[in-house]
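Structure first, commentary second.
Chain letters run A, B, ... following the sequence lines, proteins first and then strands; every chain starts at 1.
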There are 2 protein chains.
Amino acid sequence: MGIIERIDTPKTKAKAKTTAKKTASKKPAVDLPLNQILKMDCVEAMKSLPDESVDMVFADPPYNLQLGGDLYRPEGGQVDAVDDAWDQFDSFAVYDAFTKAWLKEARRILKPNGSLWVIGSYHNIFRVGASLQDLGYWILNDIIWRKANPMPNFKGTRFTNAHETLIWASKSEKAKYTFNYRAMKNLNDELQMRSDWVMPICGGQERLKRNGVKAHPTQKPEALLYRVMLATTNKGDVVLDPFFGTGTTGAVAKRLGRHWIGCEKEDNYCEVAEERIEAALPLDESELKTMQSPKAKPRVAFGTLVETGYLKPGTELCSKNRKFKAKVRADGSLLWNGHEGSIHKIGATVQDAPSCNGWTYWYYDDGKELRQVDNLRQTYLLATEP
Amino acid sequence: MGIIERIDTPKTKAKAKTTAKKTASKKPAVDLPLNQILKMDCVEAMKSLPDESVDMVFADPPYNLQLGGDLYRPEGGQVDAVDDAWDQFDSFAVYDAFTKAWLKEARRILKPNGSLWVIGSYHNIFRVGASLQDLGYWILNDIIWRKANPMPNFKGTRFTNAHETLIWASKSEKAKYTFNYRAMKNLNDELQMRSDWVMPICGGQERLKRNGVKAHPTQKPEALLYRVMLATTNKGDVVLDPFFGTGTTGAVAKRLGRHWIGCEKEDNYCEVAEERIEAALPLDESELKTMQSPKAKPRVAFGTLVETGYLKPGTELCSKNRKFKAKVRADGSLLWNGHEGSIHKIGATVQDAPSCNGWTYWYYDDGKELRQVDNLRQTYLLATEP
DNA sequence: CATATCTTTGAATCACCAT
DNA sequence: GATGGTGATTCAAAGATAT
């Protein structure tokens, strides 16, 4: 590390016979600062690199969160907000200019068949997506990272923000991008990998700390980068990350046998990243699979059956012996004798029990006989699961 | 249907006494073409409607990027046929002009506290999202419709496109938008509703056909609209859909006791939609009810419990772990360690917290066990409510 | 040592009314 | 517009502490 290494730019991904048009195939070997952090602004850093020299750019740019005042949890604690200076922009126009500047340089240094990944939230991802389309990138997929354990919405004011969005784009419409279809299908138990990926947020041992506090406010999970790199790069490829932070991209690249280049302005992030990547060990292919593919367990809420028409609002549910009868309402709550609540809660109430499994307690009349509500759930699952 | 109906613009959501600031409350009743399809271009249709007159706009715009043609072609947008990227940019510019045109009219007719929903895919959603931010809309959530049964990627060239994206936005940053938190929590088995919704695509009986072929290429499932409307509108609200298609929005609005207005140019879509909505059955009043948030329930002052004898002056309250003990006084104030104040204030003081909900923080001993003070409030409410 | 309970925490555009 | 009072509000996972 730390030395300019010489690598040959590969001919092209596919057969080099016919696709070698405007590609870098005729260029001589280029000098790239491989496996190093360029400790400066990413636009400046990328400007020091030659045209068409990297295979992939993975970017986790500032989200421009625009947070208001402090936020307190119901139990009184304060939420540790992302209030770093690097996330502050004066306006959308300023943010757009910033975005187009780095996207443009990234596009210049990308090989013709290289591709770009960007991750963001609703605060910034629409601007980033529109900007990259304007610059000529061609979107291949948008990918949803469904967080297994997102932060709740403490005040009950909106839907829980439980995902982030990634955009995968090639340099241009006609590019012959890399997509390792088989590798993805293997990871996903022989089913095609979908555009929604379920993964936990970065925590536990993986979360880097310095003096007991998190080293970076928005560290991304390595599993995410694993899947991205495994899917859309090959061994030996060069991956550049313009917003390197604590070096998740570098650590995963090393483990997967890819070269990496990071851009990062902040010294303390650089120090953490260098130490981390030094400690990272290249992995066997076989070890990868265990880190991935926990498929989302099909969990059906009672309300879903109401929404989808399996059970109409107004339907009367009853206990097995028909002793208790309750009415289904539009939001999936039950109404019994002035009490309202979930099928579980009302089930417990009528029995004066501490708890109750409403799925097996309540029955509905299908015209012929009483049937357990749980049967409907099974029917729904059969109809909707692949 | 088919008649201009007169409705009163509601005062405001909550009590109309004091909150009538800049809302539409001072406006006279307005004439709206309720529960009708306006058979023309949506921009033209919306122009015929008054300012601040609808509660929600739900839009499923086309994402054919070539659409609009000369009609929305921006002034001076020259086409350079030599460069693909420029050609592409030009078509994006046309699409953006089209998008901003309808978004702008939609914003004009939205009430100050109304909200907008748009659904799209990666082809168009980034442009729509950036455009609506530019126009002053304030994004509240992006929602992922995770398709339970998406179409596979037959060629194995990309990830299976298994989701679509919805954006939920208020008219402006400060708007007091409607969000039926409790109803959503009910639908989701007592967990906060997240930003990723799993639902099957529209098929089976629900999929409308004409002469054996599907009546509309992108018919949305009613379950999706059901959740959208239940979450962000109230009964009696007016929902406008600028791209009505075969009328999913109208059918669900009718079922849920909302008014609807559709815009649709194509005659055969209109015919299918009218027939469909005619057949849709509205829910009964009782079925429509959803659980209220505590906010909407009558407030009980702590002192009332003391006055009415539910809690005697001199009673000792304590925190859950019995660590802190405070004494109830005759006026409903608490005394702890020389400090006096409301249950909330003293709760905050003992915890050294910025705020505290005293109802849930303090417990009393009923002789057998510790019970939350909030239980007493519920008891009081049950005893005094009709 | 095993199990149970408590504590901490994560990219968050996070209340509302009266004065 | 600013301030202050009332009171509404959380899910999953990991780690620490208690039984």
Next on the checklist: Please determine whether salt bridge (charged side-chain N to carboxylate O under 4.0 Å, His left out) holds for the pair B:D134 and B:R127, giving the CA-CA distance in whole Å, both sets of side-chain angles, and the decisive distance to 0.1 Å.
Outcome noted: CA-CA 10 Å; B:D134 289 342; B:R127 314 209 69 85; over 6 Å; no
Checklist entry - Can you check salt bridge (charged side-chain N to carboxylate O under 4.0 Å, His left out) on A:R210 and A:E271, steps first, answer last? => result CA-CA 11 Å; A:R210 253 197 157 179; A:E271 287 168 25; 2.7 Å; yes
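The partner of C:dC6, taking Watson-Crick or G-U wobble pairs whose two distances both stay under 3.5 Å, is D:dG15. Under the Watson-Crick or G-U wobble criterion, with both distances below 3.5 Å, C:dA18 is paired with D:dT3. When both distances must be under 3.5 Å, the Watson-Crick or G-U wobble mate of C:dT13 does not exist.
When distances run from any side-chain atom of A:Y122 to the nucleotides C:dA11, C:dA12, C:dC16, the shortest one goes to C:dA12. Side-chain atoms of A:E75 lie closest to D:dT10 of the nucleotides C:dT13, D:dT10, C:dG10. Distances were taken from every side-chain heavy atom of A:Y63 (C-beta onward) to each of C:dT9, C:dA11, D:dG7; the shortest belongs to C:dA11. In this structure, the nucleotide among D:dA12, C:dA15, C:dA11 sitting nearest to the side chain of A:K155 is C:dA15. Taking only side-chain atoms of A:M151, from C-beta outward, the nucleotide of D:dT9, C:dA12, C:dA11 with the closest atom is C:dA12. Among C:dA11, C:dA12, D:dA8, the nucleotide with an atom closest to any side-chain atom of A:H123 is C:dA12.
Distance, B:K174 NZ to C:dA15 P: 10 Å, rounded to whole Å. D:dT9 atom P lies 14 Å from atom CH2 of B:W359, rounded to whole Å. Following rounding to the nearest Å, A:L65 (CG) and C:dA11 (P) show an atom-to-atom distance of 11 Å. With rounding to whole Å, B:F179 atom CZ is found 13 Å from C:dC16 atom P. As rounded to whole Å, 10 Å separates atom P of D:dT9 from atom CG of B:D374. Atoms OH (B:Y177) and P (C:dA15) sit 8 Å apart, rounded to a whole Å. Note: CG (A:N149) to P (D:dT10) measures 18 Å, nearest angstrom. Atom C1' of nucleotide C:dT9 and atom CD of A:E206 are separated by 15 Å, given to the nearest angstrom.
Contact annotation for B:N188: no contact, since no heavy-atom pair falls under 4.0 Å across all strands. Residue contacts shown for B:R182 are absent, as no nucleic acid heavy atom lies under 4.0 Å away. Within 4.0 Å of B:S342, counting heavy atoms only, lie sugar-phosphate atoms of the nucleic acid but no base atom. Residue-level contact check: A:G204 touches the backbone only, with heavy atoms under 4.0 Å from sugar-phosphate atoms and none from bases. Across all strands shown, A:G77 has no heavy atoms under 4.0 Å from either base or sugar-phosphate atoms. Residue contacts for A:A148: at a heavy-atom cut-off of 4.0 Å it reaches the sugar-phosphate backbone alone, with no base atom in range. A:R207 comes within contact range of the sugar-phosphate backbone alone, with a heavy-atom separation under 4.0 Å but no base atom that close. Using a 4.0 Å heavy-atom cutoff across all strands shown, B:L191 reaches sugar-phosphate atoms only and no base atom. Contacts of A:S121 with the nucleic acid, taken as non-hydrogen atoms under 4.0 Å apart, are absent. Counting non-hydrogen atoms under 4.0 angstrom, A:N153 reaches a base of the nucleic acid. Among the protein residues, A:P221 comes within range of no part of the nucleic acid, since none of its heavy atoms lies under 4.0 Å from any strand.
Using modelled atom types, one finds no donor on one side chain facing an acceptor on the other under 3.5 Å when comparing A:R377 with A:T304. Checked by atom type, the side-chain pair A:S121/A:H123 shows a donor-acceptor distance below 3.5 Å.
Dashed line: the shortest gap from a side-chain N or O of A:N161 to OP1 or OP2 of C:dA11 is not under 4.0 Å. In terms of phosphate contacts, B:H344 brings a side-chain nitrogen or oxygen within less than 4.0 Å of OP1 or OP2 of D:dG7. Contact annotation: A:Q205 reaches the phosphate of D:dG15 (side-chain N/O to OP1 or OP2, under 4.0 Å). Of the side-chain N and O atoms in A:K147, none sit less than 4.0 angstrom from OP1 or OP2 of C:dG10. Residue B:Y181 has a polar side-chain atom (N or O) positioned under 4.0 Å from OP1 or OP2 of D:dT10. At D:dT10, one or more side-chain N or O atoms of B:K185 fall inside 4.0 Å of OP1 or OP2 (strictly under the cut-off). Dashed line: the shortest gap from a side-chain N or O of A:T157 to OP1 or OP2 of C:dA15 is not under 4.0 Å. Neither OP1 nor OP2 of D:dA8 sits under 4.0 Å from any side-chain N or O of A:R73.
Glycosidic conformation, D:dT9: anti, with the torsion outside 90° of 0.
Taking the side-chain hydrogen bond (donor to acceptor under 3.5 Å, both in side chains) definition, one finds that B:D142 meets it with A:H163, sequence neighbours left out.
Without hydrogens or angle criteria, B:N180 side chain to B:L230 main chain gives a donor-acceptor distance under 3.5 Å.
Here the separation of C:dT13 from D:dG7, taken at their P atoms, is 27 Å to the nearest Å. For C:dT8 and D:dT10, the C1' atoms lie 13 Å apart once the distance is rounded to whole Å. For the C1' atoms, the distance from C:dA15 to C:dA11 is 22 Å, rounded to whole Å.
Using cut-offs of 30° and 60° on the angle between ring planes, the pair B:W117 and B:W197 is tilted. The aromatic rings of B:F302 and B:W359 stand perpendicular to each other, their planes meeting at an angle above 60°, with 30° marking the opposite boundary. Between A:H216 and A:W86, the ring-plane angle classifies as parallel under the 30° and 60° cut-offs.
Judged by closest nucleotide on DNA chain D, B:K345 is the one of A:F154 and B:K345 placed further toward the 5' end. For A:D80 and A:N64, each mapped to the nucleotide of DNA chain C holding its nearest heavy atom, the one lying further toward the 5' end belongs to A:D80. Take the nearest nucleotide of DNA chain D for A:P152 and for A:G203: the residue whose nucleotide is more 5' is A:P152.
Applying the 5.5 angstrom centroid cut-off and the 30 degree plane-angle cut-off, the aromatic ring of B:W138 is stacked upon the base of C:dT13.
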